[in-house]
Enquirer: 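Dropping a structure here in structure tokens format, bear with me for questions.
In listed order, ligands and their atoms are each counted from 1. All values below were derived from every heavy atom in this structure, side-chain atoms included, with hydrogens, water molecules and symmetry-related copies excluded.
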Amino acid sequence: MRQLFDVADTTQAEPLCAGAVLLRGFARALEVALLDGVREVVAQAPLRQMITPGGLRMSVAMTNCGSLGWINDRAGYRYAAFDPASGLPWPAIPAAFAALASDAAEPAGFANFNPDVCLISRYEAGTRLSLHQDRDERDYEQPIVSVSLGVGAMFLFGGLKRSDRTARLRLEHGDVVVWGGPARLRCHGVLPLETGSHPLTGAQRFNMTFRKAA
Ligand code: MD3
Ligand code: FE
């Protein structure tokens, strides 16, 4: 797999916990291409605040690209091949996204990571994500690669049970985390986004999570 840049030259891989590796600033070299990609995807598949099965509107606005997308509505959570808002397939994963995901997964020990989903989430001041597990994917041996862009956020990660104590980690612009192995099913969430500003995104934070769902 082509390396976009040498990790050793640009960032230190920090183990966070068993199975999780933080690559501080890894996505900065591609920040403009990544945000252009977000704009292209959002133009075809607009961000929307999904309604949970319980009838609550999520504060995070989401969309997807790839052969599947994660959706959440009164019928439940699932991966779907079509955007329910348009009835069309999700846009393709932009080339810069796919390159970043596989280049980040490799030093974390996941060679040839080939995600079929990129879930894009937009946070504004006050947007939060309550503690949850990501378990709608078929194979938990496949990692999830997360990319943070724009305003920094306080990320929470706990254990395998919701009641386990949580640790906090600030995720800043360009940070990439690879969640695999025993970290893959840990509960996690995001505290309400603080009012802030980033030169490339204004008051917003974007998070992309790359997954192999099928
Ligand atoms: C740990 N996103 O999209 S990124 C999500 O900042 C999600 O928007 C958060 O949780 C965000 O599902 C957190 C870090 C992250 C993403 C996926 C994980 C941590 C994870 C999956 C398993 C374990
Ligand atoms: Fe998650």
Enquirer: Could you give all pairs that pass the salt bridge (Lys or Arg N to Asp or Glu O under 4.0 Å) test and reach residues 59-75, with sequence neighbours left out?
Expert: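 For residues 59-75, and leaving out neighbouring residues, the salt bridge (Lys or Arg N to Asp or Glu O under 4.0 Å) pairs sorted by first residue read Asp73-Arg78.
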
Enquirer: Test Val60 against Arg122 for side-chain contact (heavy atoms from CB on, under 4.5 Å), laying out the working first.
Expert: CA-CA 6 Å; Val60 189; Arg122 184 198 60 203; 5.9 Å; no

Enquirer: Could you check Asp175 against Phe26 for side-chain contact (heavy atoms from CB on, under 4.5 Å), going step by step and ending with a plain yes or no?
Expert: CA-CA 6 Å; Asp175 290 349; Phe26 190 88; over 6 Å; no

Enquirer: Is it true that Asp134 and His132 share a donor-acceptor pair across their side chains at a distance under 3.5 Å?
Expert: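 Present: a donor and an acceptor within the cut-off.
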
Enquirer: Quick test of your reading of the model: are Asp139 and Arg184 salt-bridged, counting only N-O distances below 4.0 Å?
Expert: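 Here Asp139 does not pair with Arg184 in a salt bridge, since their nearest N and O are not under 4.0 Å apart.
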
Enquirer: What N, O or S atom of His188 is found closest to the Fe ion (ligand 2)?
Expert: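 His188's closest N, O or S atom to the Fe ion (ligand 2) is named NE2.
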
Enquirer: Strictly under 4.0 angstrom, heavy-atom based: which residues surround ligand 1?
Expert: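 Residues Leu119, Tyr123, Leu129, His132, Asp134, Ile144, Ser146, Phe155, Trp179, Ala183, Arg184, Arg186, His188, Val190, Arg205, Asn207, Thr209, Arg211 each place a heavy atom under 4.0 Å from ligand 1, listed by chain and number.
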
Enquirer: Identify, by name, the N, O or S atom of Asp134 lying closest to the Fe ion (ligand 2).
Expert: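 The nearest such atom is OD1.
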
Enquirer: Between Tyr123 and Arg205, is there a cation-pi geometry (under 6.0 Å to ring centre, at most 45° from the normal)?
Expert: yes

Enquirer: Which class fits the ring pair Phe157 and Trp179: parallel under 30°, tilted 30 to 60°, perpendicular over 60°?
Expert: perpendicular

